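Numbering of residues begins at 1 and proceeds along the displayed sequence. Since the structure is predicted, the reported quantities are computational estimates derived from the model, not experimental observations.
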Amino acid sequence: MAFLQVPTLAEMTRPSHRATRLFLPFVFIISCLLLQSIRLTGDGLSYYAYLRSVLFDGDLDFANEFIKYNPLGHATPDPAQRTATGLVANPFAVGPAFLWAPFVLPVHLVYMSIAALTSGAVTGYELPYVAAAVFGTNFVALLGWLAAVEVASRYASRSTAVVAVLAVVFGSAYVNYLYFDPAYSHVLSASLVALFIWNSLCFLERPADPRAPLVAGLLGGLMILTRWQNIFFLAVPAVLIAARWLGNRRRGRREPLPTLPQLLLFGVILFVLQLPQLAVWRALYGAWLTVPMGGAFIRLEEPALLQILLSPRNGLFSWTPLVALGLLGMLALFRLDTPLALGLSLVVLAQWYLNATIADWWGGSAFGARRFIGSSLVFIVGLATIIRYARRQRPHRLAIYAMLLGGVIWNLLLWTQYVIGSPPVRATADLGHIYAGQLHYGLANVYRLLGRGTWIDLAVRSGVLEQNWGNVGAALVWLAALVAVAFAATELWLRLTSWCNAGTA
């Protein structure tokens with residue numbers, strides 16, 4: 001029975017091809033140079049406030065972060081409203097601040113040293129601080145790309161897996177939250193999910209290694225700490241372990257399984273990593289466990305199940321049809337790896353229901369169904385699987401690649417409308433209006449994706465063309481830092497895959 005056939009990690013972790021090791025980081029660097037804005041806006045202000053407040057104020061009072069350092073008046077919790085402990089609320093997760101800290105701290109130390117010598121004022125919102133947080137997102141994002149390729153290449157060729165990753169990155173809401181709003185938590189969430197699922201397969205194959213539960217607990221803990229709804233992904237390794245246990249019983253096999261002490265260690269690490277969030281809730285709201293958005297934020301009895309998929313307001317399928325194709329591919333995955341397909345499907349269903357119960361199920365002024373970005377690995381594996389089957393016949397192969405290309409172009413034109421704000425697609429109730437704007441507004445303005453705040457702007461438009469050589473120098477530093485971050489992420493990934501491959505040799 002397919003349900004009992006769990007492929008081994010050795011089948012999944014084939015040695016990384018040189019082309020993959022070089023191609024994905026290259027695409028990542030070039031795309032960031034062309035498209036990514038170094039900026040801190042919207043929800044990103046609240047995520048970053050944890051790190052900034054601790055570093056500069058030594059507290060969790062966000063009043064100055066949300067008033068004094070919010071010159072554009074972006075949406076943040078109301079500083080005039082106080083919690084039960086007398087502080088300003090911050091309902092966002094603390095995970096991103098932890099992930100950014102290794103990149104922001106060196107910048108902070110340099111700035112504090114300079115300020116001590118010159119008596120200069122430092123706010124924590126200078127460009128190098130913001131850039132450091134964005135580079136933290138980039139580091140985790142590239143790790144997520146590489147992990148997603150590794151998992152998807154279990155069911156298709158490595159080149160197909162790369163195509164699937166890039167299709168989801170540029171053909172879904174993911175693109176906005178890596179390049180236009182990189183200080184949000186969504187891309188971090190998607191990458192940590194990919195790393196956790198990949199590592200869960202590694203843990204399943206090498207339970208004797210004492211490091212396996214440590215790494216699994218670390219990744220799982222950070223995954224949940226970054227976006228709490230990611231707790232559903234714990235169901236995936238649970239299904240995989242259950243399937244292997246059933247297989248051992250029915251077939252008399254003795255395939256390795258994690259022991260109870262190792263699972264307990266995994267659980268302890270997972271819990272310990274949630275303590276910072278629990279402590280923050282205690283300090284802000286006076287309770288260790290709470291719903292920081294308020295009791296009316298989730299309406300379990302009134303899920304907008306169809307609207308969240310098909311609505312003109314950021315519907316998952318109506319805005320990003322490529323995602324529907326990826327979910328269709330999950331049906332084919334059941335033939336190849338039923339346990340993984342079952343685990344991922346259960347998570348997607350749970351995410352669908354939970355997201356549909358949220359009061360603003362459309363995600364506010366978001367680009368697309370942003371709350372599904374954490375499930376990007378599901379869409380990637382589904383696309384890779386469906387491409388695998390379609391490639392067997394030339395007409396099917398041409399059709400699938402045409403759909404992928406069309407989905408990416410569709411999304412980029414829609415993203416253009418969102419970025420330029422014309423027409424205002426963020427809250428329209430007319431789906432036809434959005435679709436018509438693809439050609440009328442999107443195609444005519446797609447060049448504006450290379451907009452202000454990107455490396456191109458800093459190096460060329462406000463640098464060379466205006467003979468502002470300081471900006472040119474800053475652009476070169478930006479380029480060097482981006483290359484260094486991509487190199488570090490790639491090297492770490494090679495070490496991780498070598499560790500897992502060594503355990504299955």
Side-chain angles (χ1 to χ4, degrees), residues 164 167-177 184 186 189-190 227 229 232 297-333 341 344-383 385-386 399-400 402-419 421 423-442:
V168 170
V169 167
F170 294 101
S172 73
Y174 185 111
V175 69
N176 183 76
Y177 296 95
Y184 282 53
H186 303 294
S189 170
R227 282 191 73 80
Q229 69 187 74
F232 291 128
F297 184 71
I298 297 177
R299 303 173 299 179
L300 295 176
E301 72 285 355
E302 300 179 22
L305 295 173
L306 290 181
Q307 294 96 316
I308 202 171
L309 299 180
L310 303 173
S311 171
R313 299 191 73 179
N314 298 326
L316 179 62
F317 297 157
S318 56
W319 273 56
T320 50
L322 198 62
V323 167
L325 187 63
L327 290 176
L328 183 63
M330 289 300 295
L331 298 177
L333 183 64
L344 294 178
S345 297
L346 289 174
V347 172
V348 169
L349 290 173
Q351 299 269 19
W352 175 32
Y353 183 81
L354 176 64
N355 291 336
T357 66
I358 297 176
D360 69 330
W361 49 262
W362 56 91
S365 59
F367 175 73
R370 61 187 172 100
R371 293 188 178 117
F372 286 94
I373 293 175
S375 300
S376 293
L377 178 70
V378 181
F379 312 143
I380 289 168
V381 173
L383 281 181
T385 305
I386 206 169
I400 194 67
M403 284 189 281
L404 293 178
L405 181 60
V408 169
I409 293 174
W410 166 281
N411 192 64
L412 292 179
L413 294 181
L414 187 58
W415 185 40
T416 300
Q417 294 183 74
Y418 177 86
V419 170
V425 296
R426 305 183 185 202
T428 182
D430 185 356
L431 199 59
H433 186 59
I434 296 177
Y435 291 173
Q438 300 289 72
L439 295 178
H440 188 67
Y441 296 98

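Inspection of the W362 and N314 side chains reveals no N or O donor paired with an N or O acceptor under 3.5 Å.
The closest side-chain heavy-atom distance from F372 to W352 is below 4.5 Å. Considering only heavy atoms from C-beta on, N411 stays 4.5 Å or farther from L322 through its side chain. Taking the side chain as every heavy atom from C-beta outward, L354 and I298 approach each other to under 4.5 Å. For the pair V323 and V168, the minimum side-chain heavy-atom distance is 4.5 Å or more. Counting heavy atoms from C-beta on, the side chains of V419 and T416 never come closer than 4.5 Å.
In this structure, T357 and L300 approach most closely via the heavy-atom pair CG2-CA, 3.9 Å. Summarising the geometry of S311 relative to S318, their closest heavy-atom pair is O-OG, 2.6 Å, with the distance given to 0.1 Å. What you find for S376 and Y174 is that their closest heavy atoms are OG-CD1, 3.8 Å. Summarising the geometry of F232 relative to V347, their closest heavy-atom pair is O-CG2, 3.3 Å, with the distance given to 0.1 Å. Scanning all heavy atoms of the two residues, the minimum distance from Y418 to S365 falls at OH-O, 2.8 Å. Annotation for L404 and A167: closest pair CD2-CB, 4.2 Å, computed over non-hydrogen atoms.
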After noting the C-alpha distance and the side-chain angles of Q307 and W361, does the key distance pass the side-chain contact (heavy atoms from CB on, under 4.5 Å) rule? CA-CA 8 Å; Q307 294 96 316; W361 49 262; 3.5 Å; yes

Pair F297-D360, side-chain contact (heavy atoms from CB on, under 4.5 Å): steps then yes or no: CA-CA 8 Å; F297 184 71; D360 69 330; 3.8 Å; yes

Can you check side-chain contact (heavy atoms from CB on, under 4.5 Å) on Q351 and R371, steps first, answer last? CA-CA 9 Å; Q351 299 269 19; R371 293 188 178 117; over 6 Å; no

Give the C-alpha distance, both sets of side-chain angles, the deciding distance and a yes or no for side-chain contact (heavy atoms from CB on, under 4.5 Å) between F379 and L383. CA-CA 6 Å; F379 312 143; L383 281 181; 5.5 Å; no

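Distance check: S189 OG to I373 CD1 gives 8.5 Å after rounding to the nearest 0.5 Å. If you take CG on L328 and CD1 on I386, they are separated by 4.0 Å, rounding to the nearest 0.5 Å. Summarising the geometry, atom CG belonging to L333 is positioned 7.5 Å from atom OG belonging to S345; distances are rounded to the nearest 0.5 Å. Considering CG of L377 and CG of L344, their distance stands at 6.5 Å, rounded to 0.5 Å. For the atom pair L414 CG and I409 CD1, the distance stands at 13.5 Å (nearest 0.5 Å). Rounding to the nearest 0.5 angstrom, the gap separating the OG1 atom in T320 from the CG atom in L316 is 4.5 Å.
Between F367 and W319, a ring centre-to-centre spacing shorter than 6.0 Å is recorded.
A donor-acceptor pair under 3.5 Å is absent between the side-chain atoms of R370 and the main chain of A173, judged by distance alone.
Taking the six-membered ring where tryptophan is involved, the planes of Y184 and Y177 are tilted, since the angle between them lies from 30° to 60°.
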